[in-house]
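Following: one structure in structure tokens, then a few remarks.
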Amino acid sequence: MVADSYRKGCVLKMLYVIVLSVLPLINLLLLKLMVDSLVSSGNISELALPLAAAFCGVYFLQRLVSTLNSINNDVLSQRLQDYISGQLQKQACELDMSYFDNPKYHDTFHRAQQEASYRPIRLMEDMVSIFGSSISLVGVVGIMVVSSWWVILVMILLVVPTFFVRMKKVRSIYAFRRENTQTYRRTQYYSSVLTHRNFAKEVRSYALQEYFRSRFVAIRKELVKQLIKISKRLGMYEVLGSVLEVGALAVIVFGLIFESAQGVMSVGTFVMVFEAFRKGQGYMQSLVEGVSGIYENRLFVSNIFEFLELKPQIKSPESPLRFPQRIQTIEWRNITFRYPDMQHNVLENYTLKAELGEITRIEGENGFGKTTLLKLLLRLYDPDEGFVLINGVDIRKYAVEDLRRHVGAIFQDYVQFNCTVRENIMLGDIFSAPDEKRMALAAEMAGADKVIEKLPNGYDTMLGRLFEGGEDLSMGQWQRIALARLLYGDAPVMIFDEPTAWLDESARTHLYQIIDTLKQDHLIIIIRHI
């Protein structure tokens, strides 16, 4: 994923890490040489100043490379985040509608979305950190093997308790968060109810602020309480590890002092080994953090792959039939269907036929399954039994993209896109170049032209109140814009699902007159409740 998102940045990252891992080792050697030259001569020797200059030069180079590495990290992080977000969005768009009816899907998506913004980046940083720490650690071990090999053993033993404590904490936190995914989603929902515009009117009308706020706070308190309990339990082990670290540090300091006093090593070697130990301790800790971080982030990143591995069930056939140029009939034959996890059928052995040149009206009470017929025609779902036929051919033999391109629909819960008027209408046919005349005709047929004339910037007016300068519309005005979108698409099949729910009497009459003129060239279906 890192390489796919920004290959050049990935290569630069590795080069910078290698340089940043080697430069501190060079400065350790220069430090030893400087101290030894001062001690041996008793004053400033000929080598002291050049060594000091080299020491400063290496330090400057280290800071320069560190700055370049930081800039590269910022670019790489953004590229990686955008890449993974794109993968999640693409996957979500390809999955069937049935997934969206399943709470387990929302759990999986929530886990993936929560981790996508930072987990892969952290995983990348941990892997690079291990690589860099390993290079530096090899150099430090090389220095100490020559001078004081026993320091290496103490340094290694020092990190073992910390390593196991970190791994235990990672497993505990991951298990807790996975088990409480729905609880976290519930808090997210309550937060949306309190902060999103769609809920604002009713929340204020019914004075629901404190109710949902108290629900949010209660759940968050319980989650935090359990997390603190886990943290406290593992914190005791971390304290014990710190005591061992201090003890080991004392052993090394006194041991090196004793060896230096006995003349086993020079003062410069003492300084070099002590600094090597301090740096080595840091590299070992970095190594432990990197390994435990990889383990932790790999667990959480698995949530992303779990989501990306979901497969759509509604797919085009391997060799789809050519879609007919003219649609004469649509038939729902012996359809039985129920939504996922529902206990009863929405449709049972249902049959209906619509023909070109006629206006087919599907009427019934709420819950009758009228809108479900539209969803089956668009293959948002497939029936459990029976067939949906176009010109007598099962629609599963056509490519899904061709089918949906030839069937235009306005749903009863049509979307109010926070885009310009032009974009709202143009979305009815994004496969063709924008056509202003066609757009104006669609707006006129839908009765939206009078609405658009009153807007400050006409077709360039931003709709909705999410963005600056946006104009809000009444429900009837929004419905006319949605109708214009359908008419602009000019699909061979047009389905109107409760198209006049928000229209006044004159607008309804106008729309039905338009529909009557369309029926000669378009197969028309109108869905109404009674």
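Start at 1 with the first residue, then count along the sequence. A quick note: this is a predicted structure, and the numbers were derived from the prediction, not measured.
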Over all heavy atoms of both residues, which pair between [X] and [Y] is shortest? Give the atoms and the distance, please.
X      : Y      : answer
Leu473 : Gln477 : CA-OE1, 3.5 Å
Asn391 : Pro324 : ND2-CB, 3.5 Å
Ala399 : Pro320 : N-CB, 3.5 Å
Val393 : Lys397 : CG1-CD, 4.1 Å
Ala92  : Phe100 : O-CZ, 3.6 Å
Leu373 : Trp332 : O-NE1, 3.2 Å

Is any NZ, NE, NH1 or NH2 atom of the basic residue among Asp497 and Lys370 found under 4.0 Å from an Asp or Glu carboxylate oxygen of the other?
no
Should Asp472 and Arg197 count as an ion pair when the cut-off is N to O under 4.0 Å?
yes
Given the rule in the side chain to side chain donor-acceptor pair (under 3.5 Å) test, do Arg79 and Tyr83 qualify, once you have shown the distances and angles that lead to the verdict?
CA-CA 6 Å; Arg79 291 283 186 91; Tyr83 175 81; over 6 Å; no
May I ask you to test the [X]-[Y] pair for a side-chain heavy-atom distance under 4.5 Å?
X      : Y      : result
Ile390 : Leu403 : yes
Ile495 : Ile410 : no
Asp460 : Val421 : no
Pro492 : Leu523 : no
Phe467 : Asn418 : yes
Ile335 : Glu385 : no
Phe368 : Leu347 : no

Measure up the [X] and [Y] rings against each other and bin them: parallel (under 30°), tilted (30 to 60°), perpendicular (over 60°).
X      : Y      : answer
Tyr184 : Phe176 : perpendicular
Phe212 : Tyr190 : tilted
Tyr99  : Tyr105 : tilted
Phe109 : Phe307 : tilted

Considering residues, nucleotides and ligands other than Phe199, do more than 12 of their heavy atoms fall under 6.0 Å from its CZ?
yes
Take atom CZ of Arg63 as the centre, draw a 6.0 Å sphere, and report whether it contains more than 12 heavy atoms from other residues, nucleotides or ligands.
no
Does a donor on one side chain sit under 3.5 Å from an acceptor on the other, for [X] and [Y]?
X      : Y      : result
Tyr339 : Asn102 : no
Thr371 : Gln412 : yes
Glu423 : Thr420 : yes
Arg178 : Asn303 : yes
Glu498 : His529 : yes
Arg185 : Tyr189 : no
Gln91  : Gln87  : no

Within the side chain of [X], is there an N or O that forms a donor-acceptor pair under 3.5 Å with the backbone of [Y]?
X      : Y      : answer
Ser66  : Gln62  : no
Tyr488 : Asp435 : yes
Arg485 : Met426 : no
His406 : Phe323 : no
Asp107 : Thr181 : no
Arg480 : Ala446 : no
Ser432 : Asp429 : no
Ser77  : Asn73  : yes
Thr351 : Asn334 : yes
Arg379 : Lys315 : yes

Quick check with a 6.0 Å cut-off and a 45 degree axis cone: is Arg405 positioned over the face of Phe431's six-membered ring?
yes
Point-to-point distance, once rounded to the nearest 0.5 Å, from CG of Leu427 to CD1 of Ile481
11.5 Å
I'd like to know whether Ile395 forms a side-chain contact (heavy atoms from CB on, under 4.5 Å) with Leu389, so could you lay out the CA-CA distance, the side-chain angles of the two residues, the decisive distance to 0.1 Å, and finally the verdict.
CA-CA 6 Å; Ile395 61 173; Leu389 310 171; over 6 Å; no
